[in-house]
Amino acid sequence: QKVEYLNVGPNRSFFKTAQSTFIKQDPNDPKAIYLGTLQDGLLYSFDSGAGWQKTLFGKGVVNDIAIDAKYRCTIYGAVGTKIYKTEDCGRNWRQIYTDGNNKIVQSVLVDHINNNKIYLATIDGRFYNSDDFGFSWKMIKSFDDEVIVKAAMNPKNSNKIYVCTEKNGLFKTENGGIDWFNITDKIDLGDKKNNSSIKNYRDLEFDLSKDDAFFYANKYSILYSKDGGDTWNILKLLTKPGSVNIYSVASNPKNSNEIYYTTPNKIYKTQDGGNTWTTKNLPTKQAPIDMLVDFANQSSVFMAVKLMD
């Protein structure tokens, strides 16, 4: 199968200086794609990447967004140490949270069942929730001495939330943040160094074909859990465990045997769950820090890149 790389969108001047932080697609409107950046605000397309607009410019680093599943024009943005909210598809934003400790807000989540519930995670290990659409907030968990990189909500069960830490793996709650446990503590490779490497987070992406399954990329390799972290399998990769820096992982939302992962200059693809792989050199020297497989057209893969130090 021929692979062609495209720098999407006719308004490509947006991307000449943009350094990406994430890329997301609205599952309820697959034509809507959002690209967070370090210095150029939030770039968004409502036509599958053909044309792009810019919003939240000048506010700071856009670390994450969350889209209300019931009202697609209501979006929450984690920008620097603040949360912004729009109810008109990004035309106007208002600030609804400022971190009192002046720490970066890494992630924001919206409950896709009860959309009045909003969650945020700060880089220094604090996890907050709001029960009134972001009007008021309370801290419900402090992950002491942990650096939070990302928080993610199970797309099929909003009570199941994962917090990804820089060097201590994945924490999970199954009751909306009341109780938490480290699911990566269950992984034992019989080697202290490898067990430590597994807890160095790189990426987490859900397998949408199952109820609570995901791919977990880390310093050691990529692991897969079909049952929310109760059991684990290590994917068979072309790259040896611990030999390369894995930046991101993604899978076909309709076929979890089709998996992609990226290293500094390559993208890898399997169509049989990891038994065989094909590789392709990337047409950029920038790091492929995030990617997604199009919900509507699974032959299209979107990738976000940025310069690394």
So, [X] and [Y], do they make that salt bridge, N to O below 4.0 Å?
| X | Y | answer |
| --- | --- | --- |
| D290 | K24 | no |
| K150 | D64 | no |
| D111 | K70 | no |
| D212 | K160 | yes |
| R126 | D99 | yes |
| K117 | D131 | no |

What do the steps show when you test Q25 against D294 for side-chain hydrogen bond (donor to acceptor under 3.5 Å, both in side chains), and what is the final call? CA-CA 8 Å; Q25 187 175 36; D294 194 324; 3.0 Å; yes
For H112 against N157, the heavy-atom pair lying closest together: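 Closest approach of H112 to N157, heavy atoms only: CE1-N, 3.9 Å.
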Looking at every non-hydrogen atom in both residues, tell me the closest pair between G176 and I140 and how far apart they are.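 Of all heavy-atom pairs spanning G176 and I140, the closest is O-CD1, 4.1 Å.
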Is the Y44-F46 ring centre distance short of 6.0 angstrom?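 Under 6.0 Å, so yes.
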Would you check if the distance from the ring center of Y260 to the ring center of Y268 is below 6.0 Å?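 No.
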Go through D230 and K186 one step at a time and tell me if the side-chain contact (heavy atoms from CB on, under 4.5 Å) criterion holds. CA-CA 8 Å; D230 289 336; K186 301 178 181 179; 3.0 Å; yes
Identify whether [X] and [Y] are in the same connected component of the hydrophobic contact network (ILVMFWY, side-chain heavy atoms under 4.5 Å).
| X | Y | result |
| --- | --- | --- |
| I198 | L170 | yes |
| L237 | L189 | no |
| I83 | F57 | no |
| V110 | Y128 | yes |
| L56 | I67 | yes |

Nearest 0.5 Å, what's the [atom1]-[atom2] distance between [X] and [Y]?
| X | Y | atom1 | atom2 | value |
| --- | --- | --- | --- | --- |
| L109 | N154 | CG | CG | 11.5 Å |
| I118 | N129 | CD1 | CG | 9.5 Å |
| K269 | T276 | NZ | OG1 | 11.0 Å |
| T122 | F127 | OG1 | CZ | 10.0 Å |
| I187 | T231 | CD1 | OG1 | 10.5 Å |
| R202 | S221 | CZ | OG | 12.0 Å |

Polar side chain donor-acceptor pair, [X] to [Y], under 3.5 angstrom:
| X | Y | value |
| --- | --- | --- |
| S225 | D227 | yes |
| N281 | K266 | yes |
| E166 | N200 | no |
| N195 | D188 | yes |
| S197 | N194 | no |

Intermediate values then yes/no, ring-ring contact (aromatic ring centres under 6.0 Å, His included), W232 and F214: CA-CA 10 Å; W232 298 86; F214 52 83; 5.6 Å; yes
Are the side chain of [X] and the backbone of [Y] linked by a donor-acceptor contact shorter than 3.5 Å?
| X | Y | value |
| --- | --- | --- |
| T37 | Q19 | no |
| D26 | P30 | no |
| K85 | F133 | yes |
| S20 | F22 | no |
| N101 | K103 | no |
| N218 | Y216 | yes |
| D47 | G51 | yes |
| N114 | N116 | no |
| S45 | I33 | no |
| T55 | G90 | yes |

Could you work out, with salt bridge (Lys or Arg N to Asp or Glu O under 4.0 Å) as the rule, every residue matching E146, not counting sequence neighbours?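 By the salt bridge (Lys or Arg N to Asp or Glu O under 4.0 Å) rule, E146 matches no residue at all.
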Steps toward side-chain contact (heavy atoms from CB on, under 4.5 Å) verdict (F171, I183): CA-CA 6 Å; F171 291 83; I183 58 174; over 6 Å; no
F206 and ring-ring contact (aromatic ring centres under 6.0 Å, His included): which partner among F215, Y224, Y162?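 Exactly one pass, corresponding to Y162.
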Could you label the plane-to-plane angle of the W277 and Y261 rings as parallel, tilted or perpendicular, counting under 30° as parallel and over 60° as perpendicular?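 Perpendicular: the ring planes of W277 and Y261 meet at over 60°.
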With side-chain hydrogen bond (donor to acceptor under 3.5 Å, both in side chains) as the criterion, how do T262 and S248 come out once you've worked through the C-alpha distance, each side chain's angles and the decisive distance to 0.1 Å? CA-CA 6 Å; T262 60; S248 58; 2.7 Å; yes
Can you check side-chain hydrogen bond (donor to acceptor under 3.5 Å, both in side chains) on N175 and T173, steps first, answer last? CA-CA 6 Å; N175 52 18; T173 178; 2.9 Å; yes
